[in-house]
Amino acid sequence: MSQAQFNESLVEFLSESTTPFHAVKAMESRLSAAGFKALQEGDSWSVEAGGRYYVVRNGSSIIAWVMPKGAAEESGFRMVGAHTDSPCLKVKPTPEMHNNGYFQLGVEVYGGVLLNPWFDRDLSIAGRVSYRTQGGELADALIDFKKAVAIIPSLAIHLDREANKERSINAQTYLPPILGQTEEKPDFRELLKTQLKKDGVSDVAQVFDYELCFYDTQKPGFVGLNDEFIASARLDNLLSCFIGLDALLNSDMDQGALLVCNDHEEVGSMSAAGAQGPMLKQLLERIVPDAEARNRALSRSVMISADNAHGVHPNFSDKHDGNHGPIINDGAVIKINANQRYATNSETSTLYRHLAEQEEVPVQAFVVRSDMACGSTIGPITAAEIGVRTLDIGVPQFGMHSIRELAGSQDAYNLSRVMRRFFDTERV
């Protein structure tokens, strides 16, 4: 696959994946087409050497894996981890608001959202809806309005002359989007019921609850005189999910390989479907049931935790350590932190550098300024949960946690090439 083909496939995936639920659905479709078999957690499993499988939890987290052709304890697994969620505005349980003839919805901030860019954007709504069928059964369905149905207008500068100096955003009062003008307050659940029927879900008797978020309807695209950049919502961290998926599907699948994409990283990962939950550990216990063999397999395994990095912004270069300012399109970034906010050590970083050298792609390194706090990833959580050697790495980007983010059009493709070689490596 060429870089241009990779990027076109990436843009298509980003467009489909408006929520973690939709991202997992898109990944399921690609895995199934490649011959991976879906397993249900509630069923009894019988996995075979060399078999390809995937399992989904909560509709928003997914693990896909290839069983080793030999004994797992002799080869281990090559693992890649990422997360499906992104900071956003989620619809509240009782959201209806009616002010001055405008119909609005109350929203809750999910994760560390950069709020200013959400104003004056064409917004739609997507997520999961839980309902009762006409036959009295409980069911779930994905929903996506797809068209622009809402907006959060800015307050004119004439009404706040200091807006460019010191305007702060009150999440409770400033953020409810406007969905239209009505004489009376509509019932949001009835609107969802109508939309579900438009989407072909015709047996809805009553909508009970939902997990819905607003998203920007502007499609992903290329930016720059030479298309140097990819601009899109949710690059953090669907970009890494796609990179890992592409690498797995284009590997030779001769080795034990595993891709895990968890939900809820942006809010701490502590959930049944999050990296701090038991999903990966439970899966490993099922596919390598003997504890001795499993521990030996983990000792021969490596996890690459992929989550985007902060590229050095030319207008704010003082926010970076002078020797560690990642440049977009200069290669993926190895993340290092002495206090274990990232799980990289010299052994795992050396492995990556070795693989990147074989692929002839550049590599960068990042440490946060010593006078600034450091974020974290699923890397340290996964390393602590299952005891696997781990590398934290990511594509450099601008505008992290904005409604529209920016990454390099070369970096994702190059990282996928290295991950593919990682999946194909006989010994790690």
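Distance alone, capped at 3.5 Å, places no donor-acceptor pair between the S29 side chain and the A26 backbone. Formation of a donor-acceptor pair under 3.5 Å by the T344 side chain with backbone atoms of K335 is found in this model. Of the possible donor and acceptor atoms, none in the side chain of R78 sits under 3.5 Å from a partner among the backbone N and O of D424. S416 contributes no side-chain N or O that, together with a main-chain N or O of D246, makes up a donor-acceptor pair within less than 3.5 Å. At distances below 3.5 Å, not a single donor-acceptor pair connects side-chain atoms of D227 with backbone N or O atoms of V223. Looking only at distances, no side-chain donor or acceptor of Q104 sits under 3.5 Å from a matching main-chain atom of L179. Within the 3.5 Å criterion, the main-chain N or O of R341 finds no donor-acceptor partner in the side chain of N339. With T390 contributing its side chain and A343 its backbone, the two residues share no donor-acceptor pair below 3.5 Å. Looking only at distances, no side-chain donor or acceptor of T382 sits under 3.5 Å from a matching main-chain atom of G379. Not one N or O on the side chain of R234 forms a donor-acceptor pair closer than 3.5 Å with the backbone of S86.
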Going through the distances and angles, do R128 and E211 end up as a salt bridge (charged side-chain N to carboxylate O under 4.0 Å, His left out)?
CA-CA 5 Å; R128 180 172 68 182; E211 295 170 69; 2.6 Å; yes
Run R132 and E137 through side-chain contact (heavy atoms from CB on, under 4.5 Å) and show every step you take.
CA-CA 5 Å; R132 184 173 59 218; E137 302 293 326; over 6 Å; no
Do D209 and R189 pass the salt bridge (charged side-chain N to carboxylate O under 4.0 Å, His left out) test, and can you show the C-alpha distance, the side-chain angles, and the key distance before you say yes or no?
CA-CA 8 Å; D209 277 310; R189 284 170 171 77; 3.1 Å; yes
For a side-chain hydrogen bond (donor to acceptor under 3.5 Å, both in side chains) check, start with the C-alpha distance between S305 and D392, then their side-chain angles and the critical distance, and finish with the verdict.
CA-CA 5 Å; S305 165; D392 267 299; 2.9 Å; yes
Please assess E347 against R389 for the test side-chain contact (heavy atoms from CB on, under 4.5 Å), listing each intermediate value before the final yes or no.
CA-CA 9 Å; E347 183 181 19; R389 291 174 292 163; 3.2 Å; yes
side-chain contact (heavy atoms from CB on, under 4.5 Å) for F145 and L192? Distances and angles first, verdict last.
CA-CA 9 Å; F145 282 74; L192 294 178; 4.0 Å; yes
Show, in sequence, the C-alpha distance, side-chain angles and deciding distance for Q255 and T425, and conclude whether the side-chain contact (heavy atoms from CB on, under 4.5 Å) test is met.
CA-CA 7 Å; Q255 311 299 326; T425 300; over 6 Å; no
Show the numbers, then the answer: is there a salt bridge (charged side-chain N to carboxylate O under 4.0 Å, His left out) between K69 and E74?
CA-CA 10 Å; K69 292 185 175 180; E74 297 299 330; over 6 Å; no
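In summary, the aromatic rings of F6 and F242 are positioned with their centroids under 6.0 Å apart. Side-chain rings of Y210 and F188 approach one another, their centers coming within less than 6.0 Å.
Inspection of the N7 and S409 side chains reveals no N or O donor paired with an N or O acceptor under 3.5 Å. In the model, T18 has a side-chain atom that pairs as donor or acceptor with a side-chain atom of D144 under 3.5 Å. In the model, Q397 has a side-chain atom that pairs as donor or acceptor with a side-chain atom of N308 under 3.5 Å.
Here E73 does not pair with R294 in a salt bridge; the nearest charged N to carboxylate O distance is not below 4.0 Å. A salt bridge links R121 with D216: the closest approach of a Lys/Arg side-chain nitrogen to an acidic carboxylate oxygen falls below 4.0 angstrom.
The environment of E108 atom CD is sparse: at most 12 non-hydrogen atoms of other residues, nucleotides or ligands sit within 6.0 angstrom. Around NZ of K25, the count of heavy atoms belonging to other residues, nucleotides or ligands within 6.0 Å does not exceed 12. Atom CD of E357 has 12 or fewer heavy atoms from other residues, nucleotides or ligands within 6.0 Å. Within a 6.0 Å radius of CD in Q172, other residues, nucleotides and ligands contribute 12 heavy atoms or fewer.
Each of S61, S60, S271, S269 was evaluated against D263; a single residue qualifies, S60, per the side chain to side chain donor-acceptor pair (under 3.5 Å) test. Screening L10, D411, I230 for a side-chain contact (heavy atoms from CB on, under 4.5 Å) with L239, the sole residue that qualifies is L10.
At least one side-chain heavy atom of R57 sits less than 4.5 Å from a side-chain heavy atom of E41. Inter-residue side-chain proximity for H264 and M270 is flagged as unmet; no heavy-atom pair is nearer than 4.5 Å. Looking only at side-chain heavy atoms (C-beta outward), D307 and H83 come within less than 4.5 Å of each other. Residues W45 and Y53 have side chains not in contact (no heavy-atom distance under 4.5 Å, counting atoms from C-beta outward). Side-chain contact check for F13 versus M27: some heavy-atom pair is nearer than 4.5 Å. The shortest side-chain heavy-atom distance between L249 and L31 falls under the 4.5 Å cut-off. Between M400 and L114 there is no side-chain heavy-atom pair separated by less than 4.5 Å. The side-chain heavy atoms of I287 and F77, taken from C-beta on, include a pair separated by under 4.5 Å.
Summarising the geometry, atom OG belonging to S154 is positioned 14.0 Å from atom CH2 belonging to W118; distances are rounded to the nearest 0.5 Å. Remark: L415 CG to I243 CD1 distance equals 4.5 Å, nearest 0.5 Å. Going from atom NE2 of H310 over to atom CG of D236 covers 8.0 Å, rounded to the nearest 0.5 Å. N58 CG to M279 CE: the interatomic distance, rounded to the nearest 0.5 Å, is 9.5 Å. The CG atom of L191 sits 8.0 Å away from atom CD of E96, with the distance rounded to the nearest 0.5 Å. Once rounded to the nearest 0.5 Å, the distance linking CD1 of I386 with CG of L280 reads 4.5 Å.
Looking at residues two or more places apart in sequence or on another chain, you find a side chain to side chain donor-acceptor pair (under 3.5 Å) between T19 and H22. Residues satisfying the side chain to side chain contact (heavy atoms under 4.5 Å, CB included) test with E359, not counting sequence neighbours, are V361, R417, V418, R421.
Closest approach of A64 to L248, counting heavy atoms only: CB-CD2, 4.1 Å. Contact between L259 and C241 at its shortest, heavy atoms only, is CD2-O, 4.5 Å. Residues S349 and L391 come closest through the heavy atom pair CA-CD1, 3.8 Å. Residues D252 and D254 come closest through the heavy atom pair OD1-N, 2.9 Å. Smallest separation of non-hydrogen atoms from T377 and E265: CA-OE2, 3.7 Å.
Counting only residues at least two apart or in different chains, ring-ring contact (aromatic ring centres under 6.0 Å, His included) contacts with residues 381-411 comprise H313-F398.
Cation-pi contact between K90 and Y110: present, with separation from the ring centre below 6.0 Å and deviation from the ring axis of at most 45°.
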